[in-house]
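What follows is a short report on a single structure.
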Amino acid sequence: MALDVLYFAWLRERIGQPRERIETQAATVRELVAELSAMDEWHAAALADLSAVRVAIDQELAELDAPLAGAREVAFFPPMTGG
Amino acid sequence: MALDVLYFAWLRERIGQPRERIETQAATVRELVAELSAMDEWHAAALADLSAVRVAIDQELAELDAPLAGAREVAFFPPMTGG
Amino acid sequence: MAARVQSAPFDLGAELAGFGAGSGAVVSFSGLVRDEGGRLVALEIEHYPGMTEKALAAYGERAAQRFGLDDWRILHRHGRLAVGEPIMMVATAARHRAAAFQAAEYLMDWLKSRAPFWKREIGPDGPGAWVAARAEDEDALSRW
Amino acid sequence: MAARVQSAPFDLGAELAGFGAGSGAVVSFSGLVRDEGGRLVALEIEHYPGMTEKALAAYGERAAQRFGLDDWRILHRHGRLAVGEPIMMVATAARHRAAAFQAAEYLMDWLKSRAPFWKREIGPDGPGAWVAARAEDEDALSRW
């Protein structure tokens, strides 16, 4: 399936782009992380410490083991610091 | 000693005046209440239920057994409803 | 750092303009006259001139010390206040939000039950009952 | 009942004008850019367009239901914000003060840790560190 993958804040900076479109068969966010980390050292570095990474699927916060079936957009970002 | 005695809200209405100047030897607020209650039926009615009456001595909240020595102004009023 | 008692209306926005500059977190509370389902046309608020100003200033200073406030403001009206009008406001400024929120709630709890104000309802037919103190307001003080 | 995300500054007073009319208790919170002892000249706030608006509206509606609000408003800025400028505000209106205070604190706790905003410090020499999430902010959520 085709997915838009978005990055924010320091994840965006480490990966070097705010978004990319990828083809994947990943069933869960965790599988997608493994695929992305295998692409190059920048993805690997940005996604190395998952305790510092938050995920949204189609603009809703999600867990690492959430299924990707039907998803169109997945975003990775650090813990939020709003307010 | 001479004391200014002030009344607010429904105590003022029941007693029929906002303030009066009295001569008293009362040592505590409670003794002053007894003297005032003996003056007439309006004072007696207003001060009958002391659980509904709050007291200030010289503009500071005080207890019924607080001493009156040196006081210049004593006020009686219902529980406050500010805010 | 100011407490004020006045009969004139006030504008919450104008009071907050510039308040808390240099601070990180500003909390305000304001109380308005409710119509209580049409029973009220106004509130009449009596107070104890002299004691009121001292009490408000004392509560403000106590809150500033306890919660490390950068600034605070208390404004309370007296006299006849029509439905919808502002009755009073408090504002607190602190470095972080927890202190600003706690200080505002602390001030409100003290004002409600310990500042010398008494409210009376004014209905379509004239003056009505004095507002009774609420047990919840008295209870709220015990948390501080 | 409105959530807004914008880069333009806002005026807290203007936002609160008329807010909560008909209600009894209005609470507002606003957050301002601190200078952190001179380390900062500005904050740069990144957000997730699309998700942000949905998240703010969802938190507002959840607070309205849970605390029985008469009205609520959330406004959050993004982009470059100079020291002293307002970052965001929430306002809540309810019949009594306890609900208005609790709803405002609830909204702030959710916004701090769950709304998709990220702050970066801008110092005299340019962009600095991304602001780290505070453990207290995460902990604050557990009370609801």
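Within 6.0 Å of CD on C/Glu136 lie more than 12 heavy atoms contributed by other residues, nucleotides or ligands. Atom CD of B/Glu63 has 12 or fewer heavy atoms from other residues, nucleotides or ligands within 6.0 Å.
Residue B/Ala9 touches chain C through both its backbone and its side chain, counting heavy-atom pairs closer than 4.5 Å. In this structure, the portion of B/Arg12 lying under 4.5 Å from any heavy atom of chain C is its side chain and not its backbone. Looking at C/His47, the atoms closer than 4.5 Å to chain B (heavy atoms on both sides) all sit in the backbone: N, CA, C or O. Within the 4.5 angstrom heavy-atom criterion, no atom of C/Ala58 approaches chain B.
The shortest side-chain heavy-atom distance between B/Glu13 and C/Trp130 falls under the 4.5 Å cut-off.
Taking the six-membered ring for Trp and thresholds of 30 and 60 degrees, C/Trp118 and B/Phe8 have nearly parallel ring planes, at less than 30 degrees apart.
Annotation: maximal heavy-atom pairing with chain B below 4.5 Å, among C/Arg77, C/Lys112, C/Lys54, occurs at C/Lys112. Per-residue counts of heavy-atom pairs under 4.5 Å with chain B were compared for C/Gly31, C/Gly50, C/Pro116; the largest is that of C/Gly50. Interface summary for chain B: among C/Glu46, C/Arg114, C/Glu44, C/Met88, the most heavy-atom pairs under 4.5 angstrom belong to C/Glu46. Per-residue counts of heavy-atom pairs under 4.5 Å with chain B were compared for C/Arg120, C/Met89, C/Arg134; the largest is that of C/Arg120.
Minimum heavy-atom separation, B/Thr81 to C/Val131: CG2-O, 3.4 Å.
B/Met80 CE to C/Thr52 OG1: the interatomic distance, rounded to the nearest 0.5 Å, is 9.0 Å.
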